[in-house]
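The structure appears right after this line, and notes come after that.
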Amino acid sequence: MKMPVPDSGVIARRRAIVEALRAIVPGEGVIVDEAELRAYECDGLTAYRQLPLVAVLPSTVDQVSRILKTCQEMGVKVVPRGAGTSLSGGALPLADGVLLGMGKFKRILDIDYANRCAVVQPGVTNLGISNAVAGEGFYYAPDPSSQIACTIGGNVAENSGGVHCLKYGLTTNNLLGVELVLMDGTIVRLGGKHLEAGGYDLLGIVTGSEGLLGIVTEVTVRILRKPATARAVLIGFPSSEQGGDCVAAIIAAGIIPGGMEMMDRPAIHAAEAFVHAGYPLDVEALLIVELDGPAAEVDHLIGRVAAIAADKGAVCTRVSNSEEERLAFWAGRKAAFPAVGRISPDYYCMDGTIPRKALPQVLTRMTELSARYGLRVANVFHAGDGNLHPLILYDANQPGELERAESFGNDILRLCVEVGGVLTGEHGVGVEKRDLMTDQFDAADLEQQQRLKCAFDPDGLLNPGKVFPTLHRCAELGRLHVHQGELRFPDIPRF
Amino acid sequence: MTITTLKPDTDAQLADAVRWALSAGESLEVLGSGSRRGLGRPVRTTHALDLSALSGIVAYEPEELVLTARAGTPMALILPLLAERAQHLAFEPPEGGTLGGVIACGLAGPRRISAGSARDHALGMAGVSGRGEAYKGGGKVVKNVTGYDLPKLMAGSFGTLTAFTELTVKVLPAPEDTATLLLFGLDDVAAVGVLDRALRSPYDVSGAAHLPDGLAARSTVSALARAGGAVTLVRLEGFGPSVAARVAALREELRADVVLDAPESRAVWREIRDVGCLGGVGDGGGSGAGPGPLPNPPPPSAGEGADLYARLTPSPAPAGEGWGGGQGGQGGDTPHLWKLSVPPASGPSVVAAIRRTLAVEAFYDWGGGLVWLTAPPDSVAAIRRAVGAQGHATLIRAPDEVRAVTAVFQPPPDPLMALTRRVKDSFDPKGVLNPGRLYAGV
């Protein structure tokens, strides 16, 4: 993975840059000490590490605005960072870039039940929002597995999902507004407490833009009333194909479960050995279907799901009859990643989405690839929306294994695109999948996306080297090629 | 005005048409069926780009919850197809026009409060930018965060960024059953309070509206027409046993007066979606003064072979499918229809502020967050002053000549307007596509 070549001129001006930042953020808010900068050298994608030129931790919107304006004037790149839990390297620092940490923006500003929303600073954790409104029976729906640590600002940047997003949507479907600071220091508000922002849906573009368009300094999220009840069904199948058929049949029956997770045999065995959830070990696919909502609805649908499972050849079906039992069903799935961590020195978590009908084909090809690369793979799968999380098992201490694991992962993601899916369902492109973007998008597609970035950041200073495999100057992207008189215009029907 | 319509049959012809306009310094009015030409500022161009020939379902996979169709596919083709498999577009768009038009105009109905808007269901797009370049964005699966979420930007862009060729949308199971609780005689503040309680309840409310005194009487549903005053409505949808249980519980909790069964419930929410009690959204040419939908092009007669240009004859908009249809007049005093998007709890106070200076009729949807309002001409300043910075007001129905000189969409503050212009330029630097439809000069 190549990052843009650091600008030695910028590195040479480090002292002046630090002074300029200290004039904005006094005291310990500007970090230059190498040992302290280590804390920021990587995010959740730990294979890539880089010390930033300097780190700055502002605590006010005005400081953020002045930092960005100053960096733009000095021609210095900026890498934003929330809690640093990105799994795609979205917060990987640059040697010639300022790392802008938003960790001091931790306040919940306003909880407004009458408008069913909360206004928070970006450094508030995902779970922190739900906890703040739990007393009134509310919660914030998207629940990425890192929700204890990850911040809402990072969730906006990555458009984070979670196990419940088939029914409740991703971050983008649960936001009402943000305050955003552009690279030139301009502060804009997109949306608010009203449901529909006017004009272009810039909130929709900023959400999931991976820190390339602006710095979010305030977020207004929708909060929902907690479902009255939740029950889960644990279903085992002799083949993943039958498991996939069952998922399709549940959806065809008009049922959108709160969560619908599938695990393959290696993942089931790893999880069971770790937490003893009581999973059946003689099945190839295990499905957890959770139904949530009013009790009458959940009780009605549990029966229908169990009947569909039987019809699709389930060899074991267990319905949770208590909250303890429901949590036990989930315990193995929630512990799947650390469970795999116990059976392998390292693992590499992938994140592609496929049309669900392609699941058997993709799993077969993955088994073939596993044999070819000589690396094991375990699969957990957000079955409802086709989001795969293959875990590639490797040992970083064995020479060449990390590279093999990465190549294997790249092949899996290309396979996802080949069957009609996409490179990433919730982890983001970052640096990890950047060079695969050309597998999913043509040059024209990527150039148009980069032109949109130019509207926000004309000098390309915000988080460069992420998402897009090739950097272009905005002037070059903006050039129009108009060929007078060379058009096949007469072909077009005219009236 | 003579308008030449270009009607590409293929994506390549569409790209050619845009490139021709670029090279000739012309601009294009982008149209699907033309049914929503009356929405937004009128586009003054000498050429129209008619996308209705780019029509047809590309892929519909109910179990994948995804439908891909050509942009000009009529909604009248898509909705019955989904209904056959007990699915629907959950954002409750209007039934007419094309899929491209629904997405471009970002239209959503009462279920917006629980299911989201058009933008929440737009998964993928392909089209030709104002640069004459074909490109695509998003994907064809329900969960995707690869690259910028361009389908969202396209929703509500009113054809000013890209002429669509193909769209992929999320489709969802249609509710098996539906019922609506009615409460009679509440004033606006009390009604929005009741809607708030309903929306805070764990009963998954999917519609929350209030028709003040005088407006409910215009309904075709007898329980509303005979109520003799204001009616507050709370909708519950889903599986039969679930709806029954929630109706029982919420009826008790809210002390509702009446429960509408499924057919009546569907009828009344269709009326609310279509703003029937205020004369309809008039999605043709405002109050009938606009150019209306494009007529089907006449087949060229033998003698006209050399000249494919034909003059488009303006035709009147179809009569609104309103309740009373009382707004059909053409006079200069005909009230204009406004759509206000505000924080739900603020709906009544915003309307009260407007009422201090204007004679208006108004009703509430989205739990109070959407206000439909008819006001006399020249009310724009008073309405926007009342809304303030907490939301925005859009002029939905007014004659072309009014919309041509009015900021139909509330102009954003300067820094956001500057960003908006740069976003437009990044797709359409020469202003080829629907110039001025959203804002003057954009």
Side-chain angles (χ1 to χ4, degrees), chain A residues 114-116 159 161 173 186 188 192-196 198-201 204-205 208-209 225 227-228 248 251-252 254 256 293-294 296-297 300 353 355-356 385-387 420-426 428-429 440-441 444-445 448-449 451-452 454-455 480 482 484 487-489 491-495, chain B residues 4-8 13 16-17 19-20 22-23 62-64 86 116 119-120 131 133 135-136 139-149 152-153 155-157 173 196 200 202 239 241-242 245-246 297 308-310 341-345 366 369 391-392 409-410 412 415-416 420 422-423 426:
Chain A
N115 289 309
R116 295 163 296 280
N159 192 12
N173 311 108
T186 304
V188 294
K193 288 184 177 179
H194 47 303
L195 275 176
E196 302 225 309
Y200 290 139
D201 187 4
I205 282 299
S209 63
R225 178 69 187 249
I251 287 174
I256 301 292
E297 178 167 315
H300 170 65
T353 304
R356 221 180 317 91
D385 45 31
N387 189 193
V422 296
L423 294 172
T424 171
E426 56 185 3
V429 177
Q440 185 176 333
F441 292 112
D445 306 337
Q448 186 52 57
Q449 293 198 32
R451 274 185 208 106
L452 183 57
C454 293
L480 259 180
V482 179
Q484 240 109 5
L487 297 171
R488 292 157 291 162
F489 185 55
D491 291 348
I492 306 168
R494 278 167 285 174
F495 306 100
Chain B
T4 303
T5 298
L6 308 174
K7 190 175 178 181
Q13 287 182 347
D16 277 353
R19 286 203 292 265
W20 165 79
L22 264 176
S23 70
E63 292 86 358
E64 305 285 345
R119 52 97 73 186
D120 296 288
R131 303 171 52 88
E133 292 165 358
Y135 75 98
K136 65 178 181 297
K140 295 183 178 181
V141 288
V142 292
K143 192 173 179 191
N144 173 25
V145 298
T146 320
Y148 298 139
D149 200 346
K152 294 229 167 21
L153 182 62
S157 66
D196 176 40
R200 281 200 220 189
F239 294 96
S242 170
R246 284 182 285 147
L308 286 170
Y309 288 71
S341 178
V342 294
W366 300 353
H392 59 96
F409 299 97
Q410 187 157 327
L416 189 50
T420 296
R422 295 198 298 273
V423 167
S426 72

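The model shown is predicted, which means the values in this text are computed figures rather than measured ones.
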* Start with the C-alpha gap between B/Trp20 and B/Leu6, add the side-chain angles, then the distance that decides, and say whether side chain to side chain contact (heavy atoms under 4.5 Å, CB included) holds. => CA-CA 11 Å; B/Trp20 165 79; B/Leu6 308 174; 4.2 Å; yes
* Please look at A/Pro355 and chain B and tell me whether the side chain, the backbone, both or neither of the residue comes under 4.5 angstrom of a heavy atom of that chain. => both
* Top contributor to chain B interface from A/Leu423, A/Ile256, A/Leu195 [non-hydrogen pairs under 4.5 Å] -> A/Leu195
* Interface moiety of A/Thr186 toward chain B, non-hydrogen atoms closer than 4.5 Å -> side chain
* Where does B/Glu133 contact chain A at under 4.5 Å (heavy atoms): side chain, backbone, both or neither? -> side chain
* Can you check whether A/Gly198's main-chain N or O pairs, donor with acceptor, with B/His392's side chain at less than 3.5 Å? -> yes
* Which of A/Ile251, A/Val188, A/Asp445, A/Leu480 touches chain B most, by non-hydrogen pairs under 4.5 Å -> A/Asp445
* From OG1 (B/Thr146) to CD (A/Gln449), nearest 0.5 Å -> 9.5 Å
* Structure fact -> Across all chains, not counting sequence neighbours, the side chain to side chain donor-acceptor pair (under 3.5 Å) partners of A/Asn159 are none
* To do: May I ask you to name which of B/Glu63, B/Glu64, B/Gln410 has the most heavy-atom pairs under 4.5 Å with chain A?
  => B/Glu64
* Would you say the side-chain atoms of B/Ser242 and B/Arg246 include a donor-acceptor pair closer than 3.5 Å? -> yes
* Interface residue of largest heavy-atom contact number with chain A, from B/Gly369, B/Ala245, B/Ala345, under 4.5 Å -> B/Ala345
* Top contributor to chain A interface from B/Ala155, B/Pro241, B/Pro415 [non-hydrogen pairs under 4.5 Å] -> B/Pro241
* Quick one: salt bridge (Lys or Arg N to Asp or Glu O under 4.0 Å) partners of A/Arg356, sequence neighbours excluded? -> none
* Asked: chain A: which of B/Ala86, B/Gly147, B/Gly156 shares the most heavy-atom pairs with it under 4.5 Å?
  -> B/Gly147
* Can you tell which part of B/Arg119 gets under 4.5 Å to a heavy atom of chain A, answering side chain, backbone, both or neither? => side chain
* To do: Output the option from B/Val342, B/Val142, B/Leu153, B/Asp149 having the highest count of non-hydrogen pairs under 4.5 Å with chain A.
  => B/Leu153
* **B/Asp120 CG to A/Asn173 CG distance, which is reported to the nearest 0.5 Å** => 4.5 Å
* Asked: Picking from A/Asn115, A/Val429, A/Thr353, which has the most non-hydrogen pairs under 4.5 angstrom with chain B?
  -> A/Asn115
* **A/Asp385 and B/Val141: CA distance, side-chain angles, deciding distance, side chain to side chain contact (heavy atoms under 4.5 Å, CB included) verdict** => CA-CA 8 Å; A/Asp385 45 31; B/Val141 288; over 6 Å; no
* Structure fact -> Honestly, the part of B/Phe409 sitting under 4.5 Å from a heavy atom of chain A is neither
* Asked: Side chain, backbone, both or neither: which part of B/Pro62 has an atom under 4.5 Å from a heavy atom of chain A?
  -> backbone
* To do: Would you confirm whether A/Gln448, through its side chain, and B/Ser426, through its main-chain N or O, come within 3.5 Å as a donor-acceptor pair?
  => yes
* To do: Would you tell me whether A/Asn387 and B/Lys143 have side-chain atoms, one donor and one acceptor, within less than 3.5 Å of each other?
  => yes
* **Top contributor to chain B interface from A/Gly386, A/Gly254, A/Gly428 [non-hydrogen pairs under 4.5 Å]** => A/Gly254
* So which of A/Glu426, A/Arg225, A/Gln440, A/Glu297 has the largest heavy-atom pair count under 4.5 angstrom toward chain B? -> A/Arg225
